[in-house]
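Here the structure is laid out as structure tokens; the discussion comes afterwards.
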Amino acid sequence: MSAKTPHAIRRPRRWAIAPCVAGAFALLAAAPALAEPAPECVRCHGMSTLGYQDRASGAVVSLHVDADAYSTSNHADLDCVACHKAQYGDYPHADAVRDEDLHCLDCHTDDERLARFKLDEVGESFARSVHVTRHGDAFTCFDCHDAHAFDIARDRDQVADVVLDSNAICLNCHQSTETVGMAALAPTALDVAHAWLPNASLHRRHVRCLDCHTPDDPAASHEILAAEDARRACVDCHTADSALLTKLYRHRVREERTRAGFINATVFNDAYIIGMTRNVALDRASVAAFVAALTLIAAHAAARWRATRKAGR
Amino acid sequence: MNRRIRLYPFWLRAWHWSNAALFVALIVSGVSLHYADPSFPWIPFRIARSLHNVAGIALAALYVAFVGGNVLRGGWRQYAPDTTRLLDRMRRQGAYYLWGVFRGEAHPFQVTPSRRFNPLQQMTYLVVMGVALPLLIATGLLLLFPQAAPERVLGAGGVWPVAVAHSVVAFLLTLFFLGHVYLATMGASILSGARGMITGWHEPHEGHGQ
């Protein structure tokens, strides 16, 4: 482990060994880099029901890899064994393959193609996140990011889709799984925690959990904040210099500036955010009309006063 | 001195001043929300939001009461325009405001219980109470329940046309508010208009036209 790499992101979950199995078959086949997992691996790991029950926790661990999602992911050009290097030649695989240690930064450090994503900063901010400070090494990159489906370049025209994708990651763990009977109607712990937030469900659909649960510093994108440290000041976002401009709208604002030089175009097209969404022309017209009305009234009142005095004389 | 006229029933005066107080609260909280700025917290965002919501709902309820009261008590007739030479009569009233008042001319139209408004007032109030206020309330309710707003309008988010319409109408009504307050000073004396809306008695001007 390198000194500069946070320890927490170097320990994979056990389920992360799933594709390792696929890698063994690929090795045997000596296949070149593929656009999808090797067929030998998919034969078993393509089954959505493939999994086992962890003896320690009793939890069912899935060993399924969605081949379609993988084939369109950022890792599609990598063969299974590019990451999964343990001994998968035997079937059933040896128990030892469970201890395979995979780390994002093994591949993603010092890679010029990925320099713009500043993965060193990601690692450092992740190490400060509540996930790591509370759960330690048990929490890894793979708890949020599925290496078999990860696709940062996915075309997301609509901010709502970005929000949906991002929040789905959080809700995967933080949402109640009670979806039947009366339990489904009861407020979840998530609802209770956000009871102070006006229009909580609307917020959830239009901004990312991260927009409130990360610090202002863009470099701290993976420093997830605990509830007590998260943003609660409405005016942080509901203002012209909104925090959302450096968070949810960060990349889109840059795109729009380049393309049209008009920041509000982005915001207008997606959601109306009181205090943030402002039409400069309308605002100026309002002020001008207000000043004109007061001036007219003052002039009229002055003329009346003058006429009254004149009549009095 | 001319005899005072009983012009405003109690329910109308109560509506008027409640409506005025709510309108001021809505203007102040609305401007505070639209121009929200952490370095200049006029009214804290959360308080402004609650104030705007409560005052807005109360204003909407009062509007229903206003319409109901006018229907039941026949006040709606005050708003039914007499189209006979309407433009000419509006021009005469406009001419009085623009220069007649400076020459000491008499008000061109006399106030009576069956005709409280001059032609310009009548048309303005008709638009304000019949079009602008319902539009303001409807857009305000849609902003209060944004899930009821259309998802998308012309390829853009559905809430923002509603919000822009709400802001524009609110601003136009704020201009009306300024004009209304000023024109109220043009009665028999500067305060007689406001006094009449408190006591219910209209103090006639010293000279009148029709």
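Please read all numbers here as calculations on a predicted model, not as lab measurements. In the text below, chain A, chain B and the rest are named by the order of the sequence lines, each starting its count at 1.
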Interatomic spacing from CH2 in W160(B) to CG in N279(A) - rounded to 0.5 Å: 7.5 Å
Toward chain B, the part of I297(A) with a non-hydrogen atom under 4.5 Å: both
Nearest non-hydrogen partners of A289(A) and L175(B), listed with the distance: O-CD2, 4.0 Å
R232(A) CZ to R46(B) CZ distance, which is reported to the nearest 0.5 Å: 7.5 Å
Pick from P198(A), S201(A), A307(A) with the largest number of heavy-atom pairs that fall under 4.5 Å of chain B: P198(A)
Point-to-point distance, once rounded to the nearest 0.5 Å, from OH of Y182(B) to CG of L296(A): 10.0 Å
When G275(A), C234(A), S286(A) are compared by non-hydrogen pairs under 4.5 Å with chain B, the top option: S286(A)
Heavy-atom pair of closest approach, residues R304(A) and T185(B): NH2-O, 2.9 Å
Heavy-atom closest pair, residues A36(B) and T239(A): O-OG1, 2.6 Å
Which atom of F290(A) lies closest to which atom of F171(B), heavy atoms considered: N-CZ, 3.8 Å
Contact class of A303(A) relative to chain B, heavy atoms under 4.5 angstrom: both
Sub-6.0 Å ring centroid separation between H300(A) and F102(B): yes
Side-chain heavy atoms of L282(A) within contact of V164(B), under 4.5 Å: yes
Region of D283(A) in contact with chain B, defined by heavy-atom distances below 4.5 Å: both
Chain A-proximal positions within residues 13-29 of chain B [heavy-atom distance under 4.5 Å]: none
Heavy-atom proximity to chain B below 4.5 Å, by part of I274(A): both
